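To start, the structure under review is shown below, and the notes come after it.
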2 protein chains.
Amino acid sequence: MDPINKFRAYIKAQGLRKTPERETIIEEIFSIHDHFDVDELFLRLRNKKKRISKASLYRTIPLLIESGLIREVYFEDGHLHYEPIYGHKHHCHLRCTTCGKIIEFTDDAALKVQERISKKYGFVATAHRFELIGYCPKCAQRDGVQKKQQLYKENTEKKKQDANDEHEKRP
Amino acid sequence: MDPINKFRAYIKAQGLRKTPERETIIEEIFSIHDHFDVDELFLRLRNKKKRISKASLYRTIPLLIESGLIREVYFEDGHLHYEPIYGHKHHCHLRCTTCGKIIEFTDDAALKVQERISKKYGFVATAHRFELIGYCPKCAQRDGVQKKQQLYKENTEKKKQDANDEHEKRP
DNA sequence: ATTATTATTGAGATTCAATAGCAATAATAA
DNA sequence: TTATTATTGCTATTGAATCTCAATAATAAT
Ligand SMILES: [Zn+2]
Ligand SMILES: [Zn+2]
Ligand SMILES: [Zn+2]
Ligand SMILES: [Zn+2]
């Protein structure tokens with residue numbers, strides 16, 4: 001089942017209503033195939049002339065999480081990010097503390113640790129988060145410590161800026 | 001070197017000043033040996049008649065992180081938590097989504113994954129975060145789904161309530 | 001199809017953790 | 001002891017996330 005129908009099924013099962021806003025949001029998110037935050041999602045929708053309030057985005061996201069379509073991800077930049085998981089292979093993240101770059105990786109060993117530790121503590125694990133923190137190949141070679149802060153700012157604001165630029169281009 | 005002297009050394013190396021507030025904060029944190037958030041730390045200090053403003057707590061925490069004494073931890077309850085790491089063995093967390101309970105565990109396999117994946121991607125990892133999410137032994141046996149929300153609220157507010165109670169006891 | 005019921009929306013108000021500004025204070029050096 | 005200036009505490013501000021509420025629109029009932 002595709003994500004949109006999966007969501008429709010959840011909506012129906014919960015006795016909620018199928019609305020154009022919800023349909024638009026799930027469509028947009030599953031056309032991204034990447035991490036996003038509420039601001040980015042909002043701008044993307046605006047670029048497509050879809051005027052959905054942030055309140056609705058904030059209200060829809062918990063439904064998408066509850067229905068197993070997306071999950072929260074933490075990147076330590078002060079606010080929440082999300083990513084599609086339904087139909088996407090589970091992965092973990094490498095995060096560069098210098099430039100903020102995120103690299104995804106998959107590894108079966110993490111799952112084995114999950115199973116072993118769960119058994120050891122009588123814990124029933126339903127998921128895990130495994131994140132490696134350090135320097136991406138590019139930043140590992142640099143040594144300009146003063147530039148690190150600036151680089152990080154530039155990179156984390158890039159996506160948002162891009163979205164803005166695109167929006168300005170087509171007013 | 002103990003954490004307090006480690007911190008003093010950092011302060012001096014940075015050309016900062018040794019103040020009673022900073023001394024009190026580091027002392028209190030390293031007497032906790034547990035996760036804490038700013039509110040809890042503030043209340044603990046107040047209980048000991050140490051009136052340090054939250055602004056100073058918020059200003060000191062980055063210094064403690066920079067000097068490698070504590071680290072941020074994420075528990076998905078909307079604000080940041082911290083824990084001492086200097087002199088503490090590295091560990092990862094099991095987090096119960098029902099009651100909010102945190103169980104700590106150590107595992108060498110996680111470190112091996114870190115090394116292998118780092119090599120694979122040319123990444124220089126300096127740390128990792130590995131978290132297992134699911135149900136603690138107690139909650140795994142329960143089935144009352146309606147009670148889950150309530151239980152979670154109760155437990156996450158318990159520590160804060162305890163601190164408050166103690167404070168009320170000795171006015 | 002029409003009407004009734006009520007979930008949902010959007011806009012603005014509100015919350016709260018975290019940060020920033022500023023005058024008074026106090027730690028260091030001269 | 002004095003001068004310099006980092007630090008403190010208070011208050012104001014920010015910004016993500018939530019809440020309120022009247023208007024709207026999706027569904028069910030007629
Ligand atoms: Zn990088
Ligand atoms: Zn990802
Ligand atoms: Zn539990
Ligand atoms: Zn811990």
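Fair warning: this is a prediction, and the values are worked out from it, not measured in the lab. Chain letters run A, B, ... following the sequence lines, proteins first and then strands; every chain starts at 1.
- Nearest-nucleotide positions on DNA chain C for V38(B) and R17(B) put V38(B) closer to the 5' end.
- No hydrogens or angles considered: nothing links the side chains of Y74(B) and E76(B) as a donor-acceptor pair under 3.5 Å.
- Of the residues in residues 19-26 of chain A, T19(A), E21(A), R22(A) come within less than 4.0 Å of DNA chain C through at least one heavy atom, sorted by number.
- At the phosphate of dG9(D), OP1 or OP2 sits under 4.0 Å from a side-chain N or O atom of S56(B).
- Ring geometry, Y82(A) versus F36(A): the interplanar angle falls from 30° to 60°, so the pair is classed tilted.
- Atom P of nucleotide dT11(D) and atom NZ of K54(B) are separated by 14 Å, given to the nearest angstrom.
- Rounded to an integer number of Å, the gap from I52(B) CD1 to dG9(D) C1' is 11 Å.
- Nucleotide dG15(D) holds its C1' atom 13 Å from the CG atom of D77(A), rounded to whole Å.
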Practice prompt. Could you check T106(B) against K89(B) for side chain to side chain contact (heavy atoms under 4.5 Å, CB included), going step by step and ending with a plain yes or no?
Written response: CA-CA 8 Å; T106(B) 58; K89(B) 200 174 162 190; 4.1 Å; yes
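- In this model, a donor atom of one side chain and an acceptor atom of the other lie less than 3.5 Å apart for R8(B) and N5(B).
- Listed pair Y58(B) / dT19(C) fails the phosphate criterion, with no side-chain N or O lying under 4.0 Å from OP1 or OP2.
- Between Y86(B) and M1(B) the shortest heavy-atom distance is OH-O, 2.8 Å.
- Judged by distance alone, the side chains of H88(B) and E104(B) never bring a donor and an acceptor atom under 3.5 Å apart.
- The pairing partner recorded for dA29(C) is dT2(D), the criterion being a Watson-Crick or G-U wobble arrangement whose two distances lie under 3.5 angstrom.
- Between Y121(B) and F105(A), the angle of the ring planes lies from 30° to 60°, which puts this pair in the tilted group.
- Using a 4.0 Å heavy-atom criterion, one finds that K18(B) contacts the sugar-phosphate atoms exclusively.
- Taking atom CD1 on I11(A) and atom C1' on dT9(C), their separation rounds to 14 Å, with Å as the unit.
- In this structure, CG of L63(A) is placed 14 Å from P of dA7(C), rounded to the nearest angstrom.
- Base contact: R59(B) has a heavy atom under 4.0 Å from a base atom.
- Put simply, CG on L57(A) is 15 Å from P on dT8(C), counting in whole angstrom units.
- If you take NE2 of H81(B) and P of dC16(C), they are 15 Å apart, rounded to a whole angstrom.
- Pairing of dA23(C), defined by two Watson-Crick or G-U wobble distances under 3.5 Å, is identified with dT8(D).
- Spacing between atom CD of E76(B) and atom P of dA16(D) amounts to 19 Å, rounded to whole angstrom units.
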